[in-house]
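These values consider heavy atoms only, across backbone and side chains, with no hydrogens, waters or symmetry-generated copies. Throughout, a chain's letter reflects where its sequence line sits, starting with A, and its residues are numbered from 1.
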Protein chains: 2
Amino acid sequence: MTLKTPKKSHHHGDLRNALIKAGIEILEEGGIDALSLRKCAARAGVSHAAPAHHFDGLPGLKGAIASEAFAVFSRHMLEAAQSEGDSPQARLKGICRGYVQFGLAHRALLDTIFGIDMSDLRREPIEHDDSSAYQILRDACAPFVPDGTQPEVVEFQVWSLIHGYTMLFVRGHLGEIMPTDVTDGPFEEVMALLDRVGTAPKS
Amino acid sequence: MTLKTPKKSHHHGDLRNALIKAGIEILEEGGIDALSLRKCAARAGVSHAAPAHHFDGLPGLKGAIASEAFAVFSRHMLEAAQSEGDSPQARLKGICRGYVQFGLAHRALLDTIFGIDMSDLRREPIEHDDSSAYQILRDACAPFVPDGTQPEVVEFQVWSLIHGYTMLFVRGHLGEIMPTDVTDGPFEEVMALLDRVGTAPKS
DNA sequence: TGGCGCAACTTGACACTGTCAACTTGACGC
DNA sequence: GCGTCAAGTTGACAGTGTCAAGTTGCGCCA
């Protein structure tokens with residue numbers, strides 16, 4: 001009759017994932033400043049110093065949360081890619097719209113993902129598998145790569161444009177009002193630049 | 001013979017500016033996480049609770065520092081605008097290069113400026129005068145605004161592109177190595193998109 | 001001139017945070 | 001049975017923001 005928990009190796013069993021899950025909940029509820037090791041520990045039902053055995057301090061926990069949040073972000077992107085239509089143009093635009101929508105709906109997660117400094121050795125590496133948001137964006141950019149140019153260039157152009165727009169927009173830097181929806185900002189107008197993506201000479 | 005200090009109304013005289021200056025020093029030395037009210041107070045030579053009388057908590061101090069950092073940023077942009085050449089294209093590109101260079105040289109200041117949430121009522125407002133970075137960017141974009149389109153659109157396109165590129169680049173999200181100079185990344189290739197700025201139809 | 005008022009700070013306390021050393025617990029191999 | 005070791009606990013410490021209460025010194029008005 002020991003089938004109460006599916007796996008219980010030592011004490012908690014899966015504390016690491018429990019802490020990450022608790023951290024995401026805290027982030028969604030209270031924003032990036034609300035996250036702390038002790039609150040994660042309390043929510044996971046363990047002592048305040050337990051997280052130190054799984055992560056290297058708060059930066060380590062943030063890195064692990066960023067990896068998980070990035071997976072959520074990637075799934076969101078995948079759905080967004082199909083939401084706008086089937087053409088390459090529609091697919092790319094859907095991804096960009098999904099980027100902004102994710103930023104509005106999960107600001108703290110976006111802050112966590114892109115607040116990561118890649119030079120911080122205490123972070124957990126964010127994995128770039130084939131279903132990652134990076135790969136989804138790269139695939140969506142592929143039809144727009146002119147012959148003879150590096151595919152990364154188009155990807156970086158699009159990524160810079162939508163990332164900058166999202167960051168400025170969700171923090172209210174682009175307009176007078178604080179946005180609650182993509183339609184509150186000049187999304188369509190700015191994304192018109194997507195039609196001119198690529199590095200081929202002007203005319 | 002009371003001309004030792006230009007103005008000394010009560011005790012310190014100019015504590016508010018002294019705290020902002022101390023905060024910028026701390027930011028430049030230790031990054032955004034190093035900033036605290038108590039360290040600013042200590043560096044300014046006042047008691048730990050003194051900042052509360054000039055700013056509404058840490059967000060308030062960060063807002064005030066952001067305003068000052070934005071002025072520094074604006075001066076940097078003004079110089080950068082003239083560094084690349086006299087043509088409108090060169091001017092705009094110089095601004096963008098200056099954006100990235102400022103981000104590399106003063107990361108914590110950029111984090112402070114653009115970490116501000118405009119919905120946070122505790123912040124100090126960032127002033128938009130005629131010499132602000134926003135206005136400099138707007139002026140540089142003016143030659144590229146097609147007839148019959150709103151000037152803000154081009155500005156937002158350029159701003160989104162360079163802001164996103166800078167944020168991703170300085171945190172090392174765009175490449176394997178951690179950048180120390182603009183030439184460490186695909187700046188030229190991404191900025192090729194600037195030649196296609198504007199909202200007129202494709203051909 | 002004298003005292004009143006108030007802004008500009010100080011002082012002390014509190015709860016919360018990350019971090020560390022020392023300790024306990026329980027699973028596993030032999 | 002016993003040692004070993006990972007996993008987690010406990011208690012302490014310095015640093016943090018914030019609040020209430022006290023102090024100080026300048027300006028103003030009678």
Side-chain angles (χ1 to χ4, degrees), chain A residues 2-23 26-27 29-65 108 112 115 120-124, chain B residues 1-23 26-27 29-65 108 112 115 117 120-124:
Chain A
T2 59
L3 41 77
K4 298 176 71 174
T5 53
K7 188 176 70 174
K8 189 172 180 59
S9 65
H10 285 294
H11 292 230
H12 182 283
D14 194 21
L15 180 54
R16 191 193 141 87
N17 284 329
L19 288 169
I20 292 173
K21 181 166 170 253
I26 292 169
L27 282 170
E29 292 169 13
I32 189 80
D33 291 333
L35 186 68
S36 81
L37 289 173
R38 291 172 105 109
K39 273 194 275 203
C40 285
R43 192 174 285 232
V46 292
S47 73
H48 66 264
H53 291 267
H54 291 275
F55 310 102
D56 188 6
L58 190 59
L61 174 62
K62 276 187 177 171
I65 291 178
T112 306
D120 190 348
L121 298 181
R122 296 155 63 121
R123 74 185 170 78
E124 306 257 324
Chain B
M1 309 307 270
T2 58
L3 41 79
K4 299 177 69 172
T5 53
K7 190 176 70 175
K8 187 173 179 59
S9 67
H10 284 297
H11 292 231
H12 182 283
D14 195 21
L15 180 55
R16 191 194 140 86
N17 284 329
L19 288 168
I20 292 173
K21 182 168 170 251
I26 292 169
L27 281 171
E29 292 169 12
I32 189 81
D33 291 333
L35 185 68
S36 80
L37 289 173
R38 290 173 105 109
K39 274 194 275 203
C40 286
R43 191 174 286 232
V46 292
S47 73
H48 66 264
H53 291 267
H54 291 275
F55 311 102
D56 189 6
L58 190 58
L61 174 62
K62 276 187 177 172
I65 291 177
T112 305
D117 193 321
D120 190 347
L121 298 182
R122 295 155 61 122
R123 74 184 171 79
E124 305 259 323

Colleague: So that I can tick it off, tell me whether B:R43 and B:E29 are bridged by a salt bridge, with the cut-off set at under 4.0 angstrom between side-chain N and carboxylate O.
Modeller: yes
Colleague: Nearest-Å distance, CG (A:N17) to P (D:dA7)?
Modeller: 13 Å
Colleague: Side chain of A:A49: nearest nucleotide among D:dT10, D:dT18, D:dT16?
Modeller: D:dT10
Colleague: Are B:L61 and B:C40 side-chain neighbours, meaning at least one heavy-atom pair lies under 4.5 Å?
Modeller: yes
Colleague: For the pair made of CD1 in B:I26 and P in D:dG15, what is the distance, rounded to whole Å?
Modeller: 14 Å
Colleague: At under 4.0 Å, does any side-chain N or O of B:S47 touch on OP1 or OP2 of C:dT11?
Modeller: no
Colleague: Separation of A:L58 atom CG from C:dT19 atom C1', in whole Å?
Modeller: 12 Å
Colleague: CG of A:L37 versus P of D:dG8: gap in Å, rounded?
Modeller: 15 Å
Colleague: Identify, between A:A34 and A:H53, the residue whose nearest nucleotide on DNA chain C lies closer to the 5' end.
Modeller: A:A34
Colleague: Whole-Å distance between C:dG18 P and A:D33 CG?
Modeller: 12 Å
Colleague: Quick check: closest heavy atoms across B:R16 and B:A64, and the distance to 0.1 Å?
Modeller: NH2-CB, 4.1 Å
Colleague: Counting side-chain heavy atoms from C-beta on, which of C:dT17, C:dT10, D:dA7 comes nearest to A:K39?
Modeller: C:dT17
Colleague: Taking the side chain as everything from C-beta on, heavy atoms only, tell me whether B:I65 gets closer than 4.5 Å to B:F55.
Modeller: no
Colleague: Quick one: does A:L35's side chain get under 4.5 Å of A:T112's, heavy atoms only?
Modeller: no
Colleague: I need the CG-P distance between A:L35 and C:dC16, as an integer number of Å.
Modeller: 17 Å
Colleague: Does C:dC9 have OP1 or OP2 under 4.0 Å away from a side-chain N or O of B:H54?
Modeller: yes
Colleague: Could you tell me whether the side chain of A:H48 has a donor or acceptor atom within less than 3.5 Å of a complementary atom in the base of D:dG11?
Modeller: yes
Colleague: Where each residue is assigned the nucleotide of DNA chain C containing its nearest heavy atom, which of B:L15 and B:R38 is assigned the position nearer the 5′ end?
Modeller: B:L15
Colleague: Using atom CZ of B:F55 as one end and atom P of C:dA8 as the other, report the distance to the nearest whole Å.
Modeller: 12 Å
